[in-house]
Engineer: 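Provided herewith is a single structure, encoded as structure tokens, for subsequent inquiry.
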Amino acid sequence: MGLSSRLAATALGLAIVLGWLTDRHRLIWLTVQNHPSRLPQLSAFADHQVILADQLRNCEDVHLDEQRGFALLSCDPGRDTWNTVMGTFINASNPGTLYLYDYASAQNNPTAPHKHLHALTLTNFPTTKRKTFHPLGLAYNKETSTLFVANHAPPGPSIELFTLNPTQHTLTHKQSITHPLLHGPNALLALSPQELYITNDHRWPSAKYPVLNALETYTAYAGGTVVHANLATGEYKVVARLPFANGIAALNASHLAVASTTSPSVTIYLVTEGRGLERRLSIRTRFLVDNLSVDAKGRLVMAGHPFFPALGELARRNYRFEGLGDGEGGRPRAPSWVAEWDGNVDGVVRDLFVDRGGVYGCSSGAVRDVSRGVGLVVGLYERGILVWRE
């Protein structure tokens, strides 16, 4: 190798190291700045309240059917003792539940939201699967009422495919999807009843590789992937790699967004021929973004975690409080952050809701129905859901 080649290689190596150090320095700075004692209490909503706290717990993801006015919720009280993403493997025998919340009807009867909440009955779902069903991300094809659910069961992760009957409040199981490339499915984006994108948050799952998983998390190694799956042809392929790939949402027919939780940022991709992804833009955020959604005006709504140490403590200790009495004595809390990006290259990120954890903690997803002027926030280790009005 000649001198010029060695200099070029050295410069490239330094650029990579300096880029990594810049990202890590930024995350450390955010951890200091976002200590709950320093966070503002902020709400851009005309009104907001926590509802269904006595019926819902640990809801990680939410999707809207705005035409019919209901929300689908992925909730798992068993997350306290079984969370493959956060590395909790105490007991997997407390399964999760999927719910339909008729928020449009609830607007006309706001004093009794429980009348509009329905636990979805799983039909044609094997008993063995039902006992260890731990739902995480959801994807919903409204035209066919097809629901995809990431299931983090002890035998191994899978994507469960259901058909929803919203009037009978049932989900009929159609298929279980497994593949070596789907080793840690987190968030899902349905393109059709037979085609979807799936994020894997880590290359090394915590159940098998706890040390490598932790190193991947804290070094922001780009081991997370986005996989394109075509169920009709049986083709699966990795189309993008980024650190802690998490939430995913379509901005329009040609672009989609993927959260990189530990960067922390959201990457915008151009969808290329064959459903490949080409990186176009990175949006820096002041919190660790979890799930994403896009409203009817094309605004990207982001929810996540401003102070990871508090979320980590909650993941480790929440099982000691929940299920024992009222569970509130000394229970740890984790703050929330919800923001939006207007979808423009030179646009800005606008904060919608920042909370130290006293009102509604550990926000993991947020959605907005523009026409009805209502939005919902779910919390990874929180009770109930937060409903806002604009």
Side-chain angles (χ1 to χ4, degrees), residues 43 45 48-66 69-80 83 85-86 96-103 106 113-114 116-120 134-140 147-152 186-189 199 201 246-249 259 261 287-295 300-306 310-311 314-315 318 322 333-340 352-355 357-369 374-389:
S43 173
F45 312 136
H48 64 270
Q49 62 175 324
V50 178
I51 63 170
L52 303 168
D54 59 339
Q55 297 184 62
L56 297 177
R57 188 152 64 84
N58 299 1
C59 299
E60 194 269 351
D61 201 2
V62 54
H63 280 250
L64 296 187
D65 187 322
E66 295 175 59
F70 64 74
L72 297 171
L73 302 164
S74 172
C75 307
D76 187 4
R79 197 181 327 279
D80 298 329
N83 187 335
V85 179
M86 299 295 289
T97 304
L98 303 173
Y99 292 89
L100 184 150
Y101 176 57
D102 189 347
Y103 66 89
H114 61 280
H116 307 284
L117 178 70
H118 308 278
L120 293 170
H134 290 283
L136 204 69
L138 302 176
Y140 181 54
L147 183 68
F148 299 92
V149 184
N151 180 16
H152 285 213
N186 192 309
L188 315 173
L189 172 62
T199 64
D201 47 77
N246 205 327
I248 183 168
T261 300
F287 59 99
L288 279 64
V289 183
D290 199 324
N291 281 311
L292 305 172
S293 67
V294 176
D295 69 18
L300 180 69
V301 182
M302 306 168 280
H305 315 286
L311 181 65
L314 193 55
N318 203 45
E322 294 292 357
R333 305 289 295 174
S336 291
W337 200 308
V338 179
E340 66 177 11
L352 299 176
F353 180 74
V354 182
D355 180 65
V359 175
Y360 194 79
C362 52
S363 57
S364 55
V367 289
R368 173 197 275 128
D369 184 327
V374 64
L376 307 177
V377 181
V378 294
L380 187 66
Y381 286 98
E382 188 55 274
R383 297 174 183 175
I385 58 176
L386 184 139
V387 178
W388 86 71
R389 292 171 180 80

Engineer: Measure across Asp65 and Tyr140 and return the closest heavy-atom pair with its distance rounded to 0.1 Å.
Structural biologist: OD2-OH, 3.4 Å
Engineer: Donor-acceptor pair, distance only, cut-off 3.5 Å: does the side chain of Asn58 make one with the backbone of Asp76?
Structural biologist: yes
Engineer: The criterion is ring pair (Phe, Tyr, Trp, His ring centres under 6.0 Å); which residues satisfy it with His118, sequence neighbours excluded?
Structural biologist: His169
Engineer: Check side-chain contact (heavy atoms from CB on, under 4.5 Å) between Ala366 and all other residues, then give those that pass, not counting sequence neighbours.
Structural biologist: Val301, Ala303, Val338, Val377, Trp388
Engineer: Does Tyr99 have any side chain to side chain donor-acceptor pair (under 3.5 Å) partners at least two apart in sequence or in another chain, and if so, which?
Structural biologist: none
Engineer: Give a yes or no on whether the backbone of Pro113 and the side-chain of Tyr101 come within a donor-acceptor separation of less than 3.5 Å.
Structural biologist: no
Engineer: Just jot down the ring pair (Phe, Tyr, Trp, His ring centres under 6.0 Å) partners of Phe287, sequence neighbours excluded, or say none.
Structural biologist: Trp337
Engineer: Just jot down the side chain to side chain donor-acceptor pair (under 3.5 Å) partners of Asn246, sequence neighbours excluded, or say none.
Structural biologist: Thr261, Asp290
Engineer: Any chance you could measure Glu60, atom CD, to His134, atom NE2, to the nearest 0.5 Å?
Structural biologist: 14.0 Å
Engineer: Locate the shortest heavy-atom distance separating Tyr381 from Asn318; write the atom from each residue and the value.
Structural biologist: CD2-ND2, 3.9 Å
Engineer: Got a second to check how far Gln55's CD is from Ile385's CD1, nearest 0.5 Å?
Structural biologist: 10.5 Å
Engineer: Atom CG of Leu314 and atom CG of Leu380: how far apart are they, to the nearest 0.5 Å?
Structural biologist: 8.0 Å
Engineer: Taking disulfide bond (SG atoms under 2.5 Å apart) as the definition, give me every residue that meets it alongside Cys362, ordered by chain and number, with sequence neighbours left out.
Structural biologist: none
Engineer: Where do Ser363 and Gly304 come nearest, in terms of heavy atoms and distance?
Structural biologist: OG-O, 2.9 Å
Engineer: Which atoms form the tightest heavy-atom contact between Gly96 and Pro77, and what is the distance?
Structural biologist: CA-CD, 4.3 Å
Engineer: Restricting to non-hydrogen atoms, name the atom on Ala259 and the atom on Leu292 that form the minimum distance, rounded to 0.1 Å.
Structural biologist: N-CD1, 3.6 Å
Engineer: Val378 versus Ser364: any side-chain heavy-atom pair under 4.5 Å?
Structural biologist: yes
Engineer: With Asp61, which residues qualify under side-chain contact (heavy atoms from CB on, under 4.5 Å), at least two apart?
Structural biologist: His63, Ser74, Leu138, Asn291
Engineer: Considering residues at least two apart in sequence or located in another chain, which fulfil the side-chain contact (heavy atoms from CB on, under 4.5 Å) criterion with Val294?
Structural biologist: Ala249, Leu251, Leu300
Engineer: Give a yes or no on whether the backbone of Val354 and the side-chain of Ser336 come within a donor-acceptor separation of less than 3.5 Å.
Structural biologist: no
Engineer: Measuring from Leu73:CG to Leu376:CG, what's the distance to the nearest 0.5 Å?
Structural biologist: 7.0 Å
Engineer: If every non-hydrogen atom of Ala71 is compared with every non-hydrogen atom of Leu64, which pair is closest and at what distance?
Structural biologist: CB-CD2, 3.6 Å
Engineer: Could you tell me the separation between the CG atom of Asp54 and the CZ atom of Arg383, rounded to the nearest 0.5 Å?
Structural biologist: 10.0 Å
Engineer: Using ring pair (Phe, Tyr, Trp, His ring centres under 6.0 Å) as the criterion, list what pairs up with Phe70, not counting sequence neighbours.
Structural biologist: none
Engineer: CZ/Arg389 to CD/Gln49 distance, rounded to the nearest 0.5 angstrom?
Structural biologist: 5.5 Å
Engineer: Under the rule for ring pair (Phe, Tyr, Trp, His ring centres under 6.0 Å), what residues qualify as partners of Phe353, not counting sequence neighbours?
Structural biologist: His48
Engineer: Decide yes or no for Leu136 and Arg79: does some side-chain heavy atom of the first lie under 4.5 Å from some side-chain heavy atom of the second?
Structural biologist: yes
Engineer: Report the residues that fulfil salt bridge (Lys or Arg N to Asp or Glu O under 4.0 Å) with Glu66, sequence neighbours left out, ordered by chain and then residue number.
Structural biologist: none
Engineer: Listed by chain and number, what are the salt bridge (Lys or Arg N to Asp or Glu O under 4.0 Å) partners of Asp295, not counting sequence neighbours?
Structural biologist: Arg299, Arg368
Engineer: Using the rule side-chain contact (heavy atoms from CB on, under 4.5 Å), only one of Leu98, Leu120, Val149 pairs with Leu72; which is it?
Structural biologist: Leu120
